[in-house]
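Following: one structure in structure tokens, then a few remarks.
In this chain, numbering begins with 1 at the start of the sequence shown. Only this structure's heavy atoms are used, side chains among them; waters, hydrogens and symmetry mates stay out.
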Amino acid sequence: MTLNEKLPIAKSMKLTVGNRNDNPPAWTTFAWDDPIHGHQEKGEVVVMRPEGSSGTLASGTWRTVAQAAGCRPDGSCTVVYSAPLGDETMFILEGSVEITITKTGKKHHVQAGSMISHPKHLDVTWEIKGPFLKKMWVIWDSPNANPHTFDDMIIRSSNDAVDGWVPFEWNEPKYGPSKEGEILVLRDKGATGTLMAGLWRTGVTSPVKRPDGGCQVKYSSPLGDETFLLLEGAATLTVVPTGEQYHIKAGDIVGHPKNLDVLWDIKTPFLKKYWVITDAESPK
């Protein structure tokens, strides 16, 4: 038996790719049954990744505008939300909002460029200023609960993320110990299963650079499904088993199934992404 035969097989041989500016003719009203607040209909949603390799995983964009359900004529909106569908991890793309934690009364003033991790069942109120707000979201729920309780959101501005970067090192099952770029971790555990989120960048920190500053990275997302928003740069992603290529640029939202072997050919001297990794099992 060869090494490749021992490796787990990805359930999907495709990446899912959308863009923060995707604007379908008809957005879908975001409706849900909140265990605290009852039936809610607030804002509009686009789903770009409908499922993952395990548990419940979905991602896309959400917005509030004057014509959206539950919003006022000036585009402002009040949203009460206890994240009943699972841990939600977000990146604010446009607009600003004041978020109040119901249990403590703590207030967060959040604007474009902010990374937010909202633990499952944490009750909050969003007071969204007009005329609009737009976010990239990842909702994740695992059948395996963790013994973690959360009394607050985890929030950090991507624009101010200058501290906490460390070299990104991981064990790539097919290729062995690997090292590329730098990583900043925003969240390292979820209410269920594995949930990690943060930033990754390469360029000046890449150990193997071409004269143009670009590099190649072999990556199969071994820790779980990865969903990411490309913030800066561009790359060609080649799915190794099929040869299918995806040309991605800043603003693209990509879903990478767990254990799918992908070659990154980074075309720009600098690249930065906001990433979320999810898996049914908790990290060992």
- Applied to residues 122-131, the salt bridge (charged side-chain N to carboxylate O under 4.0 Å, His left out) test, sequence neighbours excluded, yields none

- Message: Tell me every residue that passes side-chain contact (heavy atoms from CB on, under 4.5 Å) with K267, counting only those two or more places apart in sequence or in another chain.
- Response: T236, D265

- So which heavy atom on L85 is nearest to which on D141, and how close? O-CB, 3.5 Å

- Quick one: are L15 and P257 in side-chain contact, heavy atoms under 4.5 Å? yes

- Item | Heavy-atom check, side chain of D252 versus side chain of Y246, under 4.5 Å | no

- Query: Going by heavy atoms in the side chains, are H108 and I116 under 4.5 Å from each other?
  - Reply: no

- NE2 on H109 to CD1 on I155, rounded to 0.5 Å: 10.5 Å

- Task: Apply salt bridge (charged side-chain N to carboxylate O under 4.0 Å, His left out) to D163 and list each qualifying residue two or more places apart in sequence or on a separate chain.
- Result: none

- Is a side-chain donor or acceptor of Y274 paired with a backbone partner of A197 at a separation under 3.5 angstrom? no

- Query: For Y219, what residues pass the ring pair (Phe, Tyr, Trp, His ring centres under 6.0 Å) criterion, not counting sequence neighbours?
  - Reply: W170, H256

- Query: Do R187 and T89 meet the criterion of a side-chain donor-acceptor pair at a distance under 3.5 Å?
  - Reply: no

- Shortest non-hydrogen contact from I266 to A235? CA-CB, 4.0 Å

- Side chains of D279 and L223: closer than 4.5 Å at any heavy-atom pair? no

Listing, residues 54-63 side-chain donor-acceptor contacts under 3.5 Å, not counting sequence neighbours, or none:
residue: S54; atom: OG; partner: A280; partner atom: N; Å: 3.3
residue: W62; atom: NE1; partner: K42; partner atom: O; Å: 3.1
residue: R63; atom: NE; partner: E44; partner atom: OE1; Å: 2.8
residue: R63; atom: NH2; partner: E44; partner atom: OE1; Å: 3.0

- Would a 4.5 Å heavy-atom cut-off, applied to side chains only, mark L186 and L199 as touching? no

- Task: Work out which heavy atom in M13 is nearest to a heavy atom in V239; give both atom names and the distance.
- Result: O-CG1, 3.6 Å

- Message: Can you list everything that forms a side-chain contact (heavy atoms from CB on, under 4.5 Å) with P84? Sequence neighbours excluded, please.
- Response: W32, D34, P35, Y81, S82

- Task: Output yes when a side-chain donor or acceptor of T268 lies under 3.5 Å from a complementary backbone atom of A234, and no otherwise.
- Result: yes

- Under the salt bridge (charged side-chain N to carboxylate O under 4.0 Å, His left out) rule, what pairs show up with a residue in residues 69-79, not counting sequence neighbours? none

- Heavy-atom pair of closest approach, residues K189 and F150: O-CZ, 4.1 Å

- Query: What is the minimum heavy-atom distance between P173 and S220, and which atoms define it?
  - Reply: CD-OG, 3.8 Å

- Task: Return yes if some donor-acceptor pair links the side-chain N/O of S178 with the main-chain N/O of G176 below 3.5 Å, else return no.
- Result: yes

- Can you tell me if S114 uses its side chain to pair, donor with acceptor, with the backbone of I92 under 3.5 Å? no

- Could you check if a side-chain atom of T278 sits within less than 4.5 angstrom of a side-chain atom of T227, using non-hydrogen atoms only? no

- Item | Results of salt bridge (charged side-chain N to carboxylate O under 4.0 Å, His left out) for E244 - residues two or more places apart only | K14

- Task: First locate atom CG of L195, then atom NZ of K120, and finally report the distance between them rounded to the nearest 0.5 Å.
- Result: 12.5 Å

- Tell me, please, which residues at least two apart from A31 pass side-chain contact (heavy atoms from CB on, under 4.5 Å). H39, E41

- Query: Considering only heavy atoms from C-beta outward, does the side chain of M196 approach that of V185 to under 4.5 Å?
  - Reply: no

- Report yes if some heavy atom in the side chain of T194 is under 4.5 Å from a heavy atom in the side chain of W140; otherwise report no. no

- Look only at the side chain of S158 and the backbone of G113, and say whether a donor-acceptor pair between them is shorter than 3.5 Å. yes

- Got a sec, which residues hit side-chain contact (heavy atoms from CB on, under 4.5 Å) with P24, two or more places apart in sequence or on another chain? W27, V46

- Message: On a heavy-atom basis, which atom in E172 and which in K218 lie closest, and how many Å separate them?
- Response: OE1-O, 3.6 Å

- Among all residues two or more places apart in sequence or in another chain, which pass the salt bridge (charged side-chain N to carboxylate O under 4.0 Å, His left out) test with K107? E98

- Query: Just checking, R20 and F91: is the charged tip under 6.0 Å from the six-membered ring centre and within 45° of the axis?
  - Reply: no

- Note on the structure: Exactly one of T202, L271, T238 clears side-chain contact (heavy atoms from CB on, under 4.5 Å) with W264, and that residue is L271

- Other hydrophobic cluster members with F132, side-chain heavy atoms of Ile/Leu/Val/Met/Phe/Trp/Tyr under 4.5 Å, chained? V65

- Check whether any side-chain N or O of D225 sits under 3.5 Å from a backbone N or O of K258 as a donor-acceptor pair, and report yes or no. yes

